[in-house]
*Asks:* 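Pasting a structure below so you can have a look.
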There are 2 protein chains.
Amino acid sequence: MNSYDISLGGKLECSEAMCKSRLCQLVTGGSPDKRHKVLQRGDRLSLGDGACRKVWIILYGMAAICFGLADGRRQILGLETSGHIMCGMNNGGQNGSWIEALTETVLCEMDLASLGSPAYPGGPCRDGQRLVSELFSVIHQRLEACSAHLVTLGRLDSTERVTLFLADMANRLGRPVGQSTYLELPMTREDIADYLGLNTETISRIFSRLKKNRLVQFPSRSAITIPDLKALERRLPVDIPDFSSTSHVSSFLTAVSAPSFSRDGAHS
Amino acid sequence: MNSYDISLGGKLECSEAMCKSRLCQLVTGGSPDKRHKVLQRGDRLSLGDGACRKVWIILYGMAAICFGLADGRRQILGLETSGHIMCGMNNGGQNGSWIEALTETVLCEMDLASLGSPAYPGGPCRDGQRLVSELFSVIHQRLEACSAHLVTLGRLDSTERVTLFLADMANRLGRPVGQSTYLELPMTREDIADYLGLNTETISRIFSRLKKNRLVQFPSRSAITIPDLKALERRLPVDIPDFSSTSHVSSFLTAVSAPSFSRDGAHS
DNA sequence: CGGATTATTGAGCCAATTCAACATCGGTGG
DNA sequence: CCACCGATGTTGAATTGGCTCAATAATCCG
């Protein structure tokens, strides 16, 4: 029935693996439904309706959160993959603010205004709190990513930015091939430039320089091989964000949500 | 007893006016207590303990959220005033990440790990959800500010950045004097530079140029008069964030928190 | 008043941009 | 199959915006 069931080989139950935060499960009760949206590469979803009324969790694929200035300049605020959240913006209405799919992307859309309704499983109080805890955690992650990116744009030079970008993408999308790391970037040089606050030619020049220094190879236009990822990372004055771990999130969840769970029964 | 009761003339009950989000009230039950911290100008509070375990709401004053790179470079992530939130960071541990008071500042510290305890008024379920809703809202505001700043650093040139900064500060701190707007900046040129991803000399040069063009006046080192704030804002390709309104927050609160309030009685 | 800190201004330099030419890739139709 | 075309990527030359370094000025504070 759903087109993505076919194109992705039925991988899209709202499993824990797909939706790490389990927010999607909380909202849908564990089964995929109309809240799931499929975007094809290039498809856009507006964010700037004047308030944060909806959030979207990425279940599959990769999408860019974009912001457009009045004169056409564009800044990509984040490059988001499975488990990441994106939410509505209050500003950015007139100049535009949107999500843009870089690959085929499946989202779970959540309307905040309806989250309080009795339609959600487990009762309005108990799961409501859990829901909003999860929402907090995942948005806190987004804030951390945004803060880290702010430092990148404010204080790293172009070579450092590109190096950090490659290391970050390698950690997110790469797979080991012997000693090397192989990845495919589902975006153009212009997308990379708009993410890093640079321009296309600069990206190209730095890629060429890194290639000449044998830090990266480009088997094709979109494919990248990094012979020694650790060596690349050592050139940076910042830590690479770790996307594999969500332990810091659960620590807060345990703190706020779980105790209230256990006492919930005693309370009512 | 508390030094700030004296120095600020007893203005510091945890009133709605001081803590717009009312998070502080939810946590403290409405009365100021040990959770309140007073920082003097220059005082620091570490943020990078490896996880988000605490959040701080500013009740009074102005503070900078800072991030330090291994080589000494510094980026100010945000300049926060009353009602704004700041929270722990997972990354930034080794390189440093901290809050720095720019004026005398009063904070309400909230330990996330203890928010679930029965010590909080109203019961663990009902107010727990409200608490976490408020927390979500205020952190969403922080994310919006961070996103807007990302665009500033990524796509605005130095003149635009400084102009935006002045307009933003004027909206936050300024008071009208006839047609003009008067404000005092509680920070050095270096702080401004670290906020805008520029250096001290550049800030100084742009201030001088704006002065020559009669867009601003500098009655003293820290005081600024803007003859026509609207004219200044018209030079920008972005909207000035509106800090006076919190309506977008309450819309979400109403959506998630209030319905569960009303059904809470029926449920238990 | 004196010393330290902070701010301003100038000269020269370098990194990143702009503009332009050319190369490569992917897709389409003859 | 290959020729063609548009889109994307690369490279070079010239320009410029912002930085570094350095000297001077203003301000703060004991």
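Note that the coordinates shown come from a computational prediction; the quantities given were computed from them, not determined experimentally. The chains referred to below are lettered A, B, ... by the order of the sequence lines, with proteins before strands, and numbering in each begins at 1.
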*Asks:* What salt bridge (charged side-chain N to carboxylate O under 4.0 Å, His left out) pairs are there with at least one residue in residues 224-236 of chain B, not counting sequence neighbours?
*Replies:* B/Lys230-B/Glu233
*Asks:* Could you pull out all residues at least two apart from B/Glu190 that satisfy side chain to side chain donor-acceptor pair (under 3.5 Å)?
*Replies:*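 Result, side chain to side chain donor-acceptor pair (under 3.5 Å) vs B/Glu190: none returned.
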*Asks:* Do nucleotides 3-17 of chain C as a string where each nucleotide becomes B, S or -: B if the base has a protein heavy atom under 4.0 Å, S if just the sugar-phosphate does, - if no protein is that close.
*Replies:* ---BSBBBB----SB
*Asks:* Got a sec, which residues hit side chain to side chain donor-acceptor pair (under 3.5 Å) with B/Glu160, two or more places apart in sequence or on another chain?
*Replies:*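 Side chain to side chain donor-acceptor pair (under 3.5 Å) check on B/Glu160 returns A/Arg73.
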*Asks:* Along DNA chain D, 5' to 3', what are the outermost nucleotides having an atom less than 4.0 Å from a heavy atom of chain A?
*Replies:* D/dT8 to D/dA13
*Asks:* Among residues at least two apart in sequence or on other chains, which ones pass side-chain contact (heavy atoms from CB on, under 4.5 Å) with B/Asp191?
*Replies:* B/Arg41, B/Arg74, B/Ile76, B/Leu102, B/Met187, B/Thr188
*Asks:* Please round to 10 degrees the angle between the axis of the first five pairs and the axis of the last five pairs in the helix from C/dC1-D/dG30 to C/dG30-D/dC1.
*Replies:*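 Its terminal axes enclose an angle near 40°.
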*Asks:* Of all heavy-atom pairs between A/Pro186 and A/Met62, which one has the smallest distance, and what is that distance?
*Replies:*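 Reported closest heavy-atom pair: CG-SD, 3.6 Å.
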*Asks:* Who pairs with B/Ser147 by side-chain contact (heavy atoms from CB on, under 4.5 Å), at least two apart in sequence or on another chain?
*Replies:* A/Leu77, A/Met89, A/Cys146, B/Leu143
*Asks:* Under the rule for side chain to side chain donor-acceptor pair (under 3.5 Å), what residues qualify as partners of A/Arg161, not counting sequence neighbours?
*Replies:* none
*Asks:* Mind checking side-chain contact (heavy atoms from CB on, under 4.5 Å) for B/Ala101 and listing every partner two or more places apart, or none if nothing turns up?
*Replies:* B/Leu39, B/Thr105
*Asks:* Ring pair (Phe, Tyr, Trp, His ring centres under 6.0 Å): which pairs involve residues 169-192 of chain A, sequence neighbours left out?
*Replies:* none
*Asks:* Sequence neighbours excluded and cut-off under 3.5 Å, please list the side-chain donor-acceptor pairs for residues 201-218 of chain B, or say none.
*Replies:*
residue	atom	partner	partner atom	Å
B/Thr202	OG1	B/Asn199	OD1	2.8
B/Ser208	OG	B/Ser204	O	3.0
B/Arg209	NH1	B/Thr159	OG1	3.4

